[in-house]
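We count residues from 1, following the sequence as given. Heavy-atom basis, side chains included; hydrogens, waters and symmetry copies ignored.
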Amino acid sequence: MSTTPENPQQPWQASPPEPVAPSEPQHDAPPAPGRTPWGQPSADQTPSQPSRGQWGQPAPQAEQPGAPATDSAPYAPAGQRPPGTDLGSDISAAMRWMWQSFTRNLSAFLVPGIVYGLLMLLLIGGAIAAYVWGFVSDMQYDPVAGEYTPNLERLLIGLGIFTGLSLLTMIPSLLWQSGSARAAATIVDGRRPSTGEAFTGPGRVIATALLVAVITFIGSLLCYLPGILAAFFFLWAIPASTHGASPIEALKESARLAKENVATTIVTMLIIYAASSIGGTFLLPLVVLPALAALFLRGMYERLNGRELVEPQAA
């Protein structure tokens, strides 16, 4: 009887495999589809995740819809610096944009150009004729001086007519300038300007152009240097006004841009003045120069503010 075990439950307690028995099927169970035995994605799934890079980082976003244009931008070829960081790139992009904007909207720019150009030629021609008439008409011989002298009364009348007609030329000039600036702003917004839009701009643009012209003219009378400084600091005032600024705010914005971009402002001034001086001697360039100058100035204004130029819409 001594061979009978005292504790009948001892064989169950001494069985070592039982506690680990439930974990064995987990190692032997086949992995889930698309998973390795350790729960990681299988190798054949890696290429099917286009939103992640090789190391789990986000994939490049340049091709996503709505992403900022880089190499595919119309005027930002590969290797070109961002807008406002390179003078040569800014001028080149503004020139291309100016020409394409003009050629794709010929009627909008040519019709106002022809109308205002002919009107200004008539006014300038009348002013010159009045001056010549007052100077040479009714010449009187002065026996003391031994020469012919103009009639003082007619000379004063001729000078008065000359001054009045010269001032009147500012009206079509301001309207033409503001209309070209308005058309340029319309192209920047991705639309095509109408002929009516290119004829005249909003009141704030006309007021800004008039303010710049008056300040520059008064400065030119003061030994000419203040006029040059005024033209320098207020070069960007009209594009700023078409962007929504009031005349005073446009002057402040222009002065800030000029101080921050001295070289670009000087070069832009020289290009516009040189083109105006050369082309102003011929009739045909006179018709298109204000429009081209407004487009080029707006293109440079956009680049200085770090914005790429949108491609003008074709007809």
Side-chain angles (χ1 to χ4, degrees), residues 83-84 90 94 97-98 101 105 108-109 112-113 116 120 167-222 226-262 264-269 271-273 276 289-310 312:
D90 292 338
W97 183 81
M98 171 198 72
S101 298
N105 300 275
F109 289 109
Y116 286 132
M120 292 179 65
L167 292 176
L168 283 178
T169 58
M170 291 185 60
I171 297 177
S173 177
L174 292 174
L175 295 177
W176 192 1
Q177 192 176 14
S178 64
S180 298
R182 180 185 185 182
T186 302
I187 298 174
V188 167
D189 292 337
R191 299 180 291 112
R192 297 192 64 203
S194 64
T195 304
E197 288 177 322
F199 256 103
T200 182
R204 69 175 184 276
V205 181
I206 299 175
T208 302
L210 177 61
L211 191 58
V212 172
V214 171
I215 295 175
T216 305
F217 176 75
I218 295 176
S220 300
L221 297 178
L222 303 175
I228 297 177
L229 293 177
F232 169 81
F233 283 110
F234 302 143
L235 179 68
W236 312 106
I238 295 178
S241 65
T242 60
H243 205 63
S246 66
I248 300 301
E249 292 173 347
L251 294 181
K252 294 179 180 179
E253 173 69 11
S254 178
R256 180 189 65 81
L257 279 177
K259 287 188 293 184
E260 294 177 356
N261 304 273
V262 175
T264 303
T265 303
I266 292 176
V267 172
T268 304
M269 282 181 58
I271 291 175
I272 293 176
Y273 288 167
S276 300
L289 271 177
L292 292 176
L295 288 169
F296 176 67
L297 192 61
R298 184 53 190 251
M300 292 297 296
Y301 176 80
E302 293 296 313
R303 298 281 298 187
L304 284 185
N305 283 279
R307 295 187 286 267
E308 288 286 359
L309 295 169
V310 298

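Residue Ala245 comes nearest to Ala250 through the heavy atom pair CB-N, 3.9 Å, listed as atom of the first residue, atom of the second, then distance. Considering every non-hydrogen atom in both Trp97 and Ala184, the closest pair reads CH2-O, 3.9 Å. Smallest separation of non-hydrogen atoms from Gly190 and Val310: N-CG2, 4.4 Å. Gly299 and Ala94 make their closest contact through C-CB, 4.0 Å (heavy atoms, listed as atom of the first residue, atom of the second, distance). Residues Leu235 and Ser254 come closest through the heavy atom pair N-OG, 3.3 Å. Summarising the geometry of Thr265 relative to Ala258, their closest heavy-atom pair is OG1-CA, 3.5 Å, with the distance given to 0.1 Å.
We find the CD1-OG1 distance between Ile171 and Thr169 to be 9.0 Å, quoted to the nearest 0.5 Å. Between Leu229 atom CG and Phe234 atom CZ the span is 10.0 Å, to the nearest 0.5 Å. To the nearest 0.5 Å, atom CG of residue Leu297 and atom CD1 of residue Ile272 are 4.5 Å apart. Atoms CG and OG1, from Leu304 and Thr264 in turn, are 5.5 Å apart once rounded to the nearest 0.5 Å. Taken from OG in Ser101 to CG in Leu295, the straight-line distance is 5.5 Å, to the nearest 0.5 Å.
Not one N or O on the side chain of Tyr116 forms a donor-acceptor pair closer than 3.5 Å with the backbone of Leu174. Panel note: side chain Ser276, backbone Tyr273; no donor-acceptor pair is recorded below 3.5 Å. Formation of a donor-acceptor pair under 3.5 Å by the Thr216 side chain with backbone atoms of Gly227 is not found in this model.
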>> Run the side chain to side chain contact (heavy atoms under 4.5 Å, CB included) test on Thr200 and Val205 for me, step by step, so that the C-alpha distance in whole Å, both residues' side-chain angles and the decisive distance to 0.1 Å come before the verdict.
In response: CA-CA 9 Å; Thr200 182; Val205 181; over 6 Å; no
> Hey, mind stepping through Glu197 and Arg192 against side chain to side chain contact (heavy atoms under 4.5 Å, CB included) and telling me if it holds?
Replying inline: CA-CA 10 Å; Glu197 288 177 322; Arg192 297 192 64 203; over 6 Å; no
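Contact of the Asn261 side chain with the Trp236 side chain is not registered, since no non-hydrogen atoms from C-beta on lie closer than 4.5 Å. When side chains are defined from C-beta on, Leu257 counts as touching Asn305, because their heavy atoms get closer than 4.5 Å. Val262 places a side-chain heavy atom less than 4.5 Å from the side chain of Phe232. Contact check for Met300 versus Met98: no side-chain heavy atoms found under the 4.5 Å cut-off. For the pair Thr268 and Tyr301, the minimum side-chain heavy-atom distance is 4.5 Å or more. Annotation: side chain of Met170 is in contact with side chain of Leu210 (closest heavy-atom distance under 4.5 Å). Residues Pro83 and Glu302 fail the side-chain proximity criterion, which asks for heavy atoms closer than 4.5 Å. Here the side chains of Ser246 and Arg204 are not in contact, with every heavy-atom distance at 4.5 Å or above.
For residues 176-189, no pair satisfies side chain to side chain donor-acceptor pair (under 3.5 Å), with sequence neighbours left out.
Among the candidates Leu211, Leu251, Thr208, Val212, the single residue satisfying the side-chain contact (heavy atoms from CB on, under 4.5 Å) test with Ser241 is Thr208.
A salt bridge links Arg256 and Glu253; the closest N-O separation between the charged side-chain nitrogens and carboxylate oxygens is under 4.0 Å.
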